[in-house]
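Worksheet: the structure to be examined is printed underneath.
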Amino acid sequence: MMNEKIELLEKIRISTDRNYISGLRNNIAFTYTQVNKILFFSIDDYSLDEWNNAIKYIN
C-alpha cells in the first residue's frame, strides 16, 4: 500500500476534530489545544502555496 500524504486542510480538519472542512471557515472557536496541534505540523511537509491556500480558505 502506498503511503499517501494527507492534504493540509484535511489534516487540519482531523486535528481540530471537525466533521467537515467547511466547518473550519469563519470558525472563531478554535481552542488552544486545536491550534497547538496545528503548530506541531512539520512546515516542510507542505509547500508555501498549500499553507497560504489553507489560511485563505479558513479566513
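- Side chains of Ser15 and Phe40 form no contact here, defined as non-hydrogen atoms less than 4.5 Å apart.
- Partners of Leu9 under the side-chain contact (heavy atoms from CB on, under 4.5 Å) rule, at least two apart in sequence or in another chain, are Ile21, Leu24, Ala54, Tyr57, Ile58.
- Considering CD1 of Ile6 and CD1 of Ile14, their distance stands at 4.5 Å, rounded to 0.5 Å.
- Not counting sequence neighbours, the partners of Glu50 by the side chain to side chain donor-acceptor pair (under 3.5 Å) test are Ser47.
- When all heavy atoms are compared, the tightest approach of Arg13 to Arg18 is NH1-O, 2.6 Å.
- Nearest heavy atoms, Leu8 versus Tyr46: N-CE2, 3.5 Å.
- Every residue two or more places apart in sequence or in another chain that forms a side-chain contact (heavy atoms from CB on, under 4.5 Å) with Asp45 is listed here: Lys11, Ser42.
- Remark: Leu48 pairs with Asn52 by the side-chain contact (heavy atoms from CB on, under 4.5 Å) rule, at least two apart or across chains.
- Residue Ile43 places its CD1 atom among 12 or fewer non-hydrogen atoms of other residues, nucleotides or ligands, all under 6.0 Å distant.
- The salt bridge (Lys or Arg N to Asp or Glu O under 4.0 Å) search around Glu7 returns none, not counting sequence neighbours.
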